[in-house]
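This report refers to the structure that appears directly beneath it.
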Amino acid sequence: MGLVPECFITEIVERDLKEGRYAKLITRFPPEPNGYLHIGHARSILLNFGLAQDYGGECNLRFDDTNPETEKEEYARAIEEDVRWLGFRPTRVLYASDYFETMYQCALTLIREGKAYVDDLPEEEMSALRAQGKPSPYRNRSVEENLELFERMRRGEFPTGSRVLRAKIDPAHPNFKLRDPVLYRIVHAPHYHVGDRWVIYPMYDFAHPLEDFIEGVTHSLCTLEFENNRAIYDWVIENLKGKCGLPLSPRPHQYEFARLDLSHTVLSKRKLIKLVEGGYVSGWDDPRLPTLRALRRRGVRPEAILEFVRKTGISRNEAQIEIDLFEEVVRDDLNPIAPRVLGVVDPLKVVLTNYEGEEWLQAPYWPRDIPKEGTRPLPFSQELYIERADFSLNPPKGWKRLAPGQRVRLRHAYVLELEDVVEEGGEVKLLKARIVPGTLGANPEEGPKPKGVIHWVSARHALPVEFRLYNRLFLTKDPEEGGDFLKNLNPEALVVKRGFIEPSVAQDPKDTRYQLERLGYFWQDPVDSRPEALVMNRIVPLKEGYKA
RNA sequence: UGGGGUGUCGUCUAAGGGUAGGACAGCGGACUCUGGAUCCGCCGGUCGUGGUUCGAAUCCACGCACCCCAGCCA
């Protein structure tokens with residue numbers, strides 16, 4: 001079983017390899033360094049790197065950096081870091097901008113062959129003519145004039161945006177992408193990677209096929225919106241193969257797959273930026289976000305992200321996946337590796353009337369169904385905290401927790417029986433209760449057996465914790481519902497609670513992921529948590545069996 | 001409008017002329033010192049209309065719906 005789920009692309013790859021079309025599979029993950037990676041990118045990453053791994057090929061990380069105005073070194077580094085965090089090691093880390101000279105030579109070749117021309121038309125006029133399917137008045141300049149103009153463009157003799165180099169294909173082609181697409185534009189702006197060496201920059205449609213061809217990419221995988229661009233991709237390669245140092249064959253081929261879309265969140269760069277810059281979240285790594293850095297900070301493991309991508313498959317159907325599936329995969333990933341501990345997120349104090357002193361119980365880290373061993377000392381004493389939600393004065397039918405006249409089991413400890421409720425201003429302030437003697441590891445000898453089990457901590461021993469409870473970012477499946485995605489933001493996407501956790505965690509490695517029994521999976525926030533002031537993120541809640 | 005795509009349970013995804021299957025969600029049950037996990041069961045689908053065929057999700061025709069393109073972004 002490979003990393004990549006079987007799909008139309010693995011079929012193509014297998015066919016091409018079997019027929020000897022390529023000696024070795026070469027793919028690439030080609031992000032533009034103008035933003036941070038999010039979970040949607042994970043599909044492309046898994047596809048490209050996974051394919052290389054599955055079929056003994058190579059996969060490069062290549063920055064598609066042909067637009068100096070939007071790209072930054074900082075983004076490139078963050079992207080590389082995220083790719084590695086997911087567990088992939090690029091064969092090489094490459095930059096499209098390193099090929100600018102070759103691309104320039106390719107452009108000259110096209111000009112010499114009468115397949116490209118310099119156009120002086122202002123942007124709006126070009127767009128208007130293109131819409132009408134009419135040729136530019138500059139379309140039939142001589143090769144000599146085109147050559148001279150293009151060289152002068154490179155030398156910086158013309159201002160930004162004043163001229164472009166266009167492919168001479170067909171001004172009236174039904175596919176608008178083929179109506180003499182722009183190959184080069186003038187931009188007087190420094191480039192984060194190659195500095196100020198260039199004032200002309202190639203367009204995606206010209207650069208991308210050349211990048212792939214130069215690197216020997218065999219399968220150029222991209223998302224559906226580039227489908228129309230494939231015609232230019234092929235045009236560029238067919239017209240330049242065997243020239244400018246490019247091989248005759250084999251040549252790369254482009255295949256498109258559907259983007260990964262998730263419900264209850266946003267994956268568009270524009271909206272993500274709005275959330276960050278508008279202060280709706282604390283930054284690009286705010287655990288409410290679907291960015292890889294945010295998921296990492298939240299506590300999601302890369303294994304879970306990859307498994308999620310595998311489970312959703314790769315197809316050409318534009319599909320939005322329900323976030324429940326993602327959460328389920330995260331739980332599945334954590335369940336076998338997260339030791340169980342007790343913590344209380346919303347504390348309600350309980351004073352025992354028939355217990356004094358303290359004792360240290362040995363509590364197993366793992367439930368029966370997980371074949372792991374290990375226990376930790378768990379202090380028990382007269383004053384405890386239980387979860388406020390685990391007590392009810394007027395319990396509904398089916399209530400299995402603490403209530404007047406209803407016993408509960410304290411996890412790993414005694415059976416508890418309510419004696420008195422101290423209220424203040426209509427709010428329950430304190431519970432007085434007694435322990436049923438002889439119920440440590442045994443059922444009560446008389447009276448009813450407890451119906452349920454609740455978690456607790458010893459008040460005197462517990463460590464205070466700031467709990468950050470994360471929920472879905474948006475209230476609606478589709479954040480755009482109603483027209484303004486900001487209006488659908490979930491005000492409870494982050495709920496902060498002051499609670500307690502059992503003292504054993506102080507002994508654990510800081511990056512331990514726990515299951516707080518009956519609450520969910522948690523770990524210490526890698527940014528804000530300190531030993532003397534614990535901050536714990538809820539990675540994902542447990543599946544809630546109880547429906548009120 | 002032209003061009004390019006996509007339509008299978010609520011949501012993803014298989015089935016490539018031969019019993020429409022799986023996962024997630026939902027519902028019900030078993031088990032349980034986590035209302036977790038696990039196990040069992042149920043619910044539920046081929047965009048429409050014709051055609052070809054012994055047999056169609058699959059092939060053909062005509063529709064319909066949705067997405068993408070008409071940046072000197074990628």
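Everything numeric here is computed off the predicted structure, so don't read it as measured data. In what follows, chains carry the letters A, B, and so on, assigned in the order in which the sequence lines appear, proteins first and then strands, with residues in each chain numbered from 1.
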- Query: Taking the side chain of A/Glu318 as its heavy atoms from C-beta onward, which of B/C12, B/G35, B/G5 lies nearest to it?
  - Reply: B/G5
- Query: Between A/Leu224 (CG) and B/G7 (P), how many Å, whole number?
  - Reply: 10 Å
- Mind checking A/Ala207 for me? I need base, sugar-phosphate or nothing, with any heavy atom below 4.0 Å counting as a touch. nothing
- Message: Quick check on B/U34: is either OP1 or OP2 less than 4.0 Å from any side-chain nitrogen or oxygen of A/Lys543?
- Response: no
- Note on the structure: Expected string for nucleotides 69-74 of chain B under the B/S/- scheme (protein heavy atoms, under 4.0 Å, primed atoms plus P, OP1, OP2 as sugar-phosphate) is SBSBSB
- According to a strict under-4.0 Å criterion, is A/Arg316 in side-chain N/O contact with OP1 or OP2 of B/U6? yes
- Gap in Å between the two P atoms, one belonging to B/G26 and one to B/G63, rounded: 42 Å
- Note on the structure: Closest to the 5' end of RNA chain B, once A/Gly441 and A/Ile370 are matched to their nearest nucleotides, is A/Gly441
- When rounded to the nearest Å, what value does the distance between P atoms of B/A65 and B/C54 take? 35 Å
- Message: If you go through the side-chain atoms of A/Glu227, does one of them form a donor-acceptor pair with the base of B/G3 closer than 3.5 Å?
- Response: no
- Message: Just to be sure I understand the rule, does A/Arg411 reach a base, reach only the sugar-phosphate, or reach nothing, if contact means heavy atoms closer than 4.0 Å?
- Response: base
- Is NZ or CZ of A/Arg230 both nearer than 6.0 Å to the six-membered ring centre of A/Tyr233 and within 45° of the ring axis? no
- Roughly, in whole Å, what's the span from CZ in A/Phe8 to P in B/U13? 11 Å
- Message: With rounding to the closest Å, how many angstrom separate the C1' atoms on B/A25 and B/U11?
- Response: 7 Å
- Task: Mind calculating the distance between OH (A/Tyr514) and C1' (B/G36) to the nearest angstrom?
- Result: 19 Å
- Message: Please determine whether a side-chain nitrogen of the Lys or Arg among A/Arg472 and A/Asp324 lies less than 4.0 Å from a carboxylate oxygen of the Asp or Glu.
- Response: yes
- Task: Could you tell me whether the side chain of A/Gln515 has a donor or acceptor atom within less than 3.5 Å of a complementary atom in the base of B/U34?
- Result: yes
- Between A/Arg518 (CZ) and B/U34 (P), how many Å, whole number? 10 Å
- Query: Can you list, by residue number, the residues of residues 325-333 of chain A that have a non-hydrogen atom closer than 4.0 angstrom to RNA chain B?
  - Reply: A/Leu325, A/Glu328
- Item | Phosphate contact (B/C12 OP1 or OP2) by A/Thr312 side-chain N/O below 4.0 Å | no
- Specify whether A/Phe150 and A/Tyr104 have parallel, tilted or perpendicular ring planes, treating 30° as the upper limit for parallel and 60° as the lower limit for perpendicular. parallel
- Is the shortest distance from a Lys or Arg side-chain nitrogen in A/Glu215 or A/Arg28 to a carboxylate oxygen in the other one below 4.0 Å? no
- Inspect the contact between A/Glu327 and A/Lys543 and indicate whether a charged nitrogen and a carboxylate oxygen are less than 4.0 angstrom apart. no
- Query: With a cut-off of 6.0 Å (strictly less than), are more than 12 heavy atoms of other residues, nucleotides or ligands near NZ of A/Lys451?
  - Reply: no
- Is the closest basic N to carboxylate O distance between A/Arg154 and A/Glu151 below 4.0 Å? no
- Query: Should the pair A/His193 and A/Tyr95 be assigned to parallel (<30°), tilted (30 to 60°) or perpendicular (>60°) ring geometry?
  - Reply: parallel
- RNA chain B: 5'-proximal contact among A/Glu11 and A/Lys400 (nearest heavy atom): A/Glu11
- Query: Closest approach of A/Leu121 and A/Asp119, non-hydrogen atoms and distance?
  - Reply: N-OD1, 2.9 Å
- Item | Euclidean distance for P, B/A23 against B/C43 (whole angstrom) | 15 Å
- Basic-acidic side-chain contact under 4.0 Å: A/Glu417, A/Arg407: yes
- Pairing of A/Asp180 and A/Arg139 as salt bridge, 4.0 angstrom limit: yes
- Message: Both atom distances under 3.5 Å, Watson-Crick or G-U wobble: I'd like the secondary structure of RNA chain B as a dot-bracket string, with | for pairs made across strands.
- Response: (((((((..((((....[..)))).(((((.......)))))....(((((..]....))))))))))))....
- What interatomic distance, in whole Å, is found between P of B/U19 and the corresponding atom of B/G36? 38 Å
- Message: Quick check on B/G44: syn or anti? Syn means the glycosidic torsion is within 90 degrees of zero.
- Response: anti
- Task: Would you kindly check whether a donor in the side chain of A/Glu256 faces an acceptor in the base of B/G5, or vice versa, at under 3.5 angstrom?
- Result: no
- Say you pick atom C1' in B/U8 and the same atom in B/G16; how far apart are they, in whole Å? 14 Å
- Query: Taking atom C1' of B/C67 as reference, at what distance in whole Å does atom CG of A/Asp478 sit?
  - Reply: 14 Å
- Touch check for A/Trp399, heavy atoms < 4.0 angstrom, all strands: base, sugar-phosphate only, or nothing? base
- Message: Between A/Glu387 and A/Arg401, does any side-chain N to carboxylate O distance fall below 4.0 Å?
- Response: no
- Task: Report yes if a side-chain nitrogen or oxygen of A/Asn317 is closer than 4.0 Å to either non-bridging phosphate oxygen (OP1 or OP2) of B/G7; otherwise report no.
- Result: yes
- Same-atom distance (C1') from B/G48 to B/A57, integer angstrom: 14 Å
- Whole angstrom is fine here: how far is it from CD1 in A/Ile321 over to C1' in B/C24? 11 Å
- Measure from CZ on A/Phe257 to C1' on B/U13 and round the result to the nearest Å. 17 Å
- Query: Does A/Ile9 offer a backbone N or O that forms a donor-acceptor pair with the side chain of A/Glu14 under 3.5 Å?
  - Reply: no
- Item | Whole-Å distance separating the CZ atom of A/Phe380 from the C1' atom of B/C33 | 14 Å
- Message: Base, sugar-phosphate or nothing for A/Gly520? Non-hydrogen atoms, less than 4.0 Å.
- Response: nothing
- Item | Whole-angstrom distance between B/U58 and B/G50, as gauged at atom P | 14 Å
- Message: With a 4.0 Å limit, can you tell me whether A/Arg340 has a side-chain N or O closer than that to the phosphate oxygens OP1/OP2 of B/G36?
- Response: no
- Which is true for A/Arg401 with a 4.0 Å heavy-atom rule: it touches a base, it touches only sugar-phosphate, or it touches nothing? base
- Item | A/Ser263 (side chain) donor-acceptor with A/Ile323 (main chain) under 3.5 angstrom | yes
- Message: By the 4.0 Å heavy-atom rule, please label A/Gly398 as base, sugar-phosphate, or nothing.
- Response: base
- A/Phe522 vs A/Phe467 aromatic rings, parallel, tilted or perpendicular, using cut-offs 30° and 60°? perpendicular
